[in-house]
Amino acid sequence: MGVRFRYLGAVRRPEPHPVPERAPSEWSAARVRAFRRSLLRFFEARKRDLPWRRTRDPYAVLVSEVMLQQTRVETVIPYFRDWMVRFPTPQALAEAESDEVLRAWEGMGYYARARNLHQAVQEVAARYGGTIPDDPEELETLPGVGAYTAGAVASIAFGVAAPAVDGNVRRVLSRLADDPGPSVGQLRLWAARLVDPSEPGAFNQGLMELGSLICTPRAPDCEGCPVARFCASREAGTQEERPRPRERRPVPTVWEAVAILLDRPTRRRTPGTARQWRVDGLTSVLVRKRLGRGLLAGMWELPGREVSSKGRASAEVVDLAKELLVRLGRNPGGVISEDVTALPPLDHAFSHRRMRYLPFLLCLGRSTEREGRPLGAVKGGAVKDGGQELVELRWVGQEEAQDLPLPVAQRKLLDQLWDQRAAEGSAQMGQIAISGSRP
DNA sequence: AACTCGGGGTT
DNA sequence: AACCCAGAGTT
């Protein structure tokens, strides 16, 4: 690498070593080697002790990488540990029930990842005899495995010199090149040029570790950065502006009326006060399974209906309850408005939508029963009708609900129902009173 | 290239 | 409240 110069007016002065060719794809071989050395030394010295770094089992690496998609390391750690105990091998996962897999994923979000991972190991069993492939292109044919995850698994588990560009790497490279918005292809090219051919796994993890610990989105620690001398943004003082944040659309708020149908809880009337019901863990609550695609696909939830205004909520809930009772083969006339009790609303934020759940308690009595029709006659089993996937309904008690995969907000709603014991304080064990006012 | 798809920690 | 996280799939 020769000494190069830049002209500043009439003054000619040497650039600081090394040469600031901005895009890593333009870097000299010597500069690339020096960068790799510095980064690998940093990773060796500073790498965190993470559960998935204690193994090179390709299955464990795959599980960790899928869990880490858009999810923080600290969040993933306990899920990864539990997962590897419950599903220690690809075979164990492949043979598991869908609900059990989703339940183990509950709380991490992006539930398509769990469904895809489940399907991926089944494909590995069918197509590769249970052995996870080492070729990034073959890895990428598995559901839920994209360019990043394929490169990460190939490099970390198998030592294949493939690039792996995640959010951290994108930020690091954008700053190294002082480019506000490099394209996906550009980033991939840079990462492929830089990746260390003999230790690709450590190198890729080193780039991510750097982005996570040093080259952070805000207030990066350039003083403590092992590759600061390679960084064009550092030289230009633009590191805080790289990469340029993408524009976001405003997040809409959606109201949803939720029907908490309780099957024949014990009712008690206290003169002069609000009506009260006694609800214990054995009281059945009606839940439904969401469709296999779209938001929260395959998860269970309390039945609900989007409402345009808060005032319509209780009426919509009564309508919904009657429809559900018809589908369950029971008498919809048994639902009357004075059975409806409004509970406190619950706000829940998705990244692209804000929800306000308006829960209503409906206590179903004897009048909704029909002769010769035992309680809970409709259970389990997805109903198909002319190829159309219909909603699966199920009555569950507290115990059964524990095993169902539920979105966080739905879990909160149900827990509140059964946790009133703590709030109420005075109730006997196993029996709780829920009181509320009529809407 | 622009959306959708969760949930939570940081600032 | 905005931002973003070891992204993938769909349109």
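Chain identifiers are assigned alphabetically (A, B, ...) following the order of the sequence lines, protein sequences preceding nucleic acid strands; residue numbering begins at 1 within each chain.
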Is A/Thr71 close enough to B/dG7 that one of its side-chain N or O atoms is under 4.0 Å from OP1 or OP2 there? no
Check A/Glu392, A/Glu301, A/Glu323 against A/Arg288 for a salt bridge (Lys or Arg N to Asp or Glu O under 4.0 Å) and give me the one that passes. A/Glu301
Between A/Met299 and A/Val184, the residue closer to the 5' end of DNA chain B by nearest nucleotide is A/Val184
Under 4.0 angstrom between A/Gln70 side-chain N/O and C/dC5 OP1 or OP2: no
Nearest-Å distance once atom P is located in both B/dG6 and C/dT11: 16 Å
Quick one: label A/Met67 by what it contacts on the DNA or RNA (base, sugar-phosphate, nothing), any heavy atom closer than 4.0 Å. nothing
Taking only side-chain N and O atoms of A/Tyr110, does any of them lie within less than 4.0 angstrom of OP1 or OP2 on C/dC5? no
Got more than 12 heavy atoms from elsewhere within 6.0 Å of CZ, A/Arg170? no
According to a strict under-4.0 Å criterion, is A/Arg170 in side-chain N/O contact with OP1 or OP2 of C/dA6? no
Got a donor-acceptor pair under 3.5 Å from the side chain of A/Thr75 to the base of B/dG7? no
Report which part of the nucleic acid A/Glu209 touches: base, sugar-phosphate, or nothing (heavy-atom distance under 4.0 Å, all strands). base
Taking atom P in both B/dG9 and C/dA8, what distance in whole Å separates the two? 23 Å
Ignoring backbone atoms, establish whether A/His352 has a side-chain N or O less than 4.0 Å from OP1 or OP2 of B/dC5. yes
Closest approach of A/His352 and A/Pro252, non-hydrogen atoms and distance? O-CD, 3.6 Å
Taking only N and O in the side chain of A/Arg249, is any of them less than 4.0 Å away from OP1 or OP2 of B/dA2? no
Hey, does the side-chain of A/Ser351 have a donor or acceptor N/O within less than 3.5 Å of a partner on the base of B/dG7? no
